[in-house]
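Inspection log for the structure reproduced underneath, given as structure tokens.
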Protein chains: 2
Amino acid sequence: MTHKAAFTAVKTVKAYERVVEQIETAISKRDLRPGDRLPSERELMLTFEVSRSTIREALRVLESTGLVRSRPGDPRGPEVLQASPAILTKTVNRLVRLETIALSELVEFRIMLEGAACTLAAQHRTEEQLEAMRAAVDAMQAEIAHGPVAFSRADVAFHSSVWAASHNQLMQICGEATRGALIDMVTDGLDRAPDSAARMELSLAHDGEILAAISAGDGPTAGRLARSFLIEYYGDVISP
Amino acid sequence: MTHKAAFTAVKTVKAYERVVEQIETAISKRDLRPGDRLPSERELMLTFEVSRSTIREALRVLESTGLVRSRPGDPRGPEVLQASPAILTKTVNRLVRLETIALSELVEFRIMLEGAACTLAAQHRTEEQLEAMRAAVDAMQAEIAHGPVAFSRADVAFHSSVWAASHNQLMQICGEATRGALIDMVTDGLDRAPDSAARMELSLAHDGEILAAISAGDGPTAGRLARSFLIEYYGDVISP
DNA sequence: CAGAGTGTACTGGTCTGACCATGTATTTCA
DNA sequence: TGAAATACATGGTCAGACCAGTACACTCTG
């Protein structure tokens with residue numbers, strides 16, 4: 001009779017991957033903390049019993065994920081970095097650009113995101129952030145006289161302050177990524193608007209309403225307003 | 001008199017980074033498309049005029065970003081991959097685990113996303129997709145008897161069908177990424193729920209309500225329902 | 001004794017050249 | 001015509017070497 005053994009799938013794991021894995025778990029277990037130094041490549045190749053090429057490939061992928069940084073000549077060895085959402089931004093950006101996405105989808109996504117941000121901002125905003133948003137709206141008012149370009153810069157600043165007030169980094173990252181992608185796609189038609197004066201006044205009024213809802217802590221209203229204003233604003237794009 | 005030249009900062013760029021950059025832009029410019037093959041490492045080292053180590057390091061970081069995949073022995077060379085949210089999931093996961101991003105943020109983001117998806121699904125769903133959603137709910141009903149694990153699988157399937165019905169790839173990508181991350185984070189506490197039967201019934205009822213709103217084409221209601229149900233479901237996580 | 005300059009040892013970045021196991025594509029054979 | 005054996009280029013890994021750069025200890029000077 002044969003033994004009933006619980007066999008498990010065997011997949012060959014490349015050497016450098018196991019090195020990456022070990023260092024990665026050491027970091028996520030807090031055995032290695034930001035600011036700590038890894039042993040030098042030559043020491044690592046002894047402890048892991050692999051060649052230096054393997055160690056280097058492992059370090060390259062750790063570096064590309066933002067976990068460590070190597071600097072030539074530093075006798076203290078590679079540095080363990082503080083994890084940062086910046087790497088996420090890069091990934092999201094690439095995904096947004098790489099994927100063949102219709103402009104209407106991108107706009108739609110942005111509208112939903114912006115609405116959500118306003119909702120969250122209404123719930124989470126601090127007094128300082130409220131003040132910043134008010135200042136941003138005042139700046140918009142002032143910039144109307146300087147033309148649509150200056151105005152739209154101020155408009156962006158207002159929305160940024162809303163993102164910040166949402167207290168949600170994921171939201172901010174996605175917002176930034178979609179804004180960047182949108183700019184890339186429609187950059188040419190920015191100031192062609194013939195009725196720019198009226199449009200600016202309208203935008204200002206809309207943002208003022210949103211701010212009022214956020215200020216009142218009324219998340220659903222803030223979100224609904226933002227969405228409907230944006231749908232109006234982008235109407236021609238979203239349903240051509 | 002000296003020339004007034006516009007000097008610019010000089011930072012040494014590592015060789016493998018320039019290789020990465022070139023291949024990356026080739027991919028983002030669609031010169032290289034998913035399924036295409038890169039030249040072999042030995043050919044690449046000739047065209048880039050660097051050693052094979054450098055080429056390999058470049059390939060490792062491209063691989064860790066999910067852009068290409070190398071398989072030993074394949075004479076056709078490294079493959080250019082389809083962009084996938086999987087890498088996003090991994091990154092989000094790591095950031096949450098390292099507490100750079102709070103779990104509550106992730107949950108919050110997911111709730112807003114899910115609400116938006118329901119709203120869009122109500123507006124864009126086709127007849128077939130509606131049918132698929134109904135089938136998914138029926139499947140949930142049937143799976144209740146088979147325990148919480150099977151049920152939650154069916155639940156996921158229902159939500160997937162909603163994402164699909166939203167007709168928005170970005171939404172789907174972000175949804176998948178956050179779902180993956182959340183599953184990894186809270187997977188252990190899945191079937192510890194003592195009141196699992198009641199919970200399943202409740203989920204089923206909720207999803208039924210959402211489906212009804214989607215079916216009726218009532219986007220705002222669908223979104224509102226989804227958000228409030230999820231807030232209830234994740235209540236303990238989001239405000240501890 | 002303090003500070004500026006010099007050394008030096010070790011670091012990471014890159015290169016060369018080699019070996020192995022593997023997957024594909026061709027060739028061979030029935 | 002189909003299956004089996006082979007050839008060959010591939011990626012994974014290794015060993016050893018050289019160079020430019022950095023940190024740190026060590027001078028030398030005032």
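Quick note on labels: first sequence line is chain A, next is B, and so on, each numbered from 1. Worth saying up front: this structure is predicted, and the values here are computed from it rather than measured.
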In whole angstrom, give the distance that lies between atom [atom1] of [X] and atom [atom2] of [N].
{"X": "E57(B)", "N": "dC15(C)", "atom1": "CD", "atom2": "P", "value": "10 Å"}
{"X": "F48(A)", "N": "dC14(D)", "atom1": "CZ", "atom2": "C1'", "value": "17 Å"}
{"X": "K14(A)", "N": "dA21(C)", "atom1": "NZ", "atom2": "C1'", "value": "14 Å"}
{"X": "E49(B)", "N": "dT16(C)", "atom1": "CD", "atom2": "P", "value": "11 Å"}
{"X": "L38(B)", "N": "dT10(D)", "atom1": "CG", "atom2": "P", "value": "13 Å"}
{"X": "R18(A)", "N": "dT13(D)", "atom1": "CZ", "atom2": "C1'", "value": "12 Å"}
{"X": "R37(A)", "N": "dG12(C)", "atom1": "CZ", "atom2": "C1'", "value": "13 Å"}
{"X": "L44(B)", "N": "dG11(D)", "atom1": "CG", "atom2": "P", "value": "8 Å"}

For residues [X] and [Y], report the shortest heavy-atom separation together with the two atoms involved.
{"X": "G77(B)", "Y": "R37(B)", "value": "O-NH1, 2.9 Å"}
{"X": "R18(A)", "Y": "V13(A)", "value": "NH2-O, 3.4 Å"}
{"X": "R227(B)", "Y": "A116(B)", "value": "NH1-N, 4.3 Å"}
{"X": "F158(A)", "Y": "M133(A)", "value": "CD1-O, 3.8 Å"}

Among the candidates dG13(C), dG12(D), dT10(D), find the nucleotide nearest to the side-chain atoms of R56(B).
-> dG12(D)
Picking from dT10(D), dG13(C), dG11(D), which would you name as closest to the side chain of E41(B)?
->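 The answer is dG11(D).
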Classify the nucleic acid contact of [X] as base, sugar-phosphate or nothing, counting any heavy atom under 4.0 Å across all strands shown.
{"X": "R60(B)", "value": "sugar-phosphate"}
{"X": "R69(A)", "value": "nothing"}
{"X": "E17(A)", "value": "nothing"}

Just by distance, do the side chain of R110(B) and the backbone of L182(B) share a donor-acceptor pair under 3.5 Å?
-> no
Base, backbone or nothing for each nucleotide of nucleotides 15-23 of chain D, written B, S, -, heavy atoms under 4.0 angstrom, 5' to 3'?
-> --BB--BBS
Could you tell me whether the side chains of R97(B) and N93(B) share a donor-acceptor contact shorter than 3.5 Å?
-> no
Just jot down the salt bridge (Lys or Arg N to Asp or Glu O under 4.0 Å) partners of R134(B), sequence neighbours excluded, or say none.
->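 Here the qualifying residues are E131(B).
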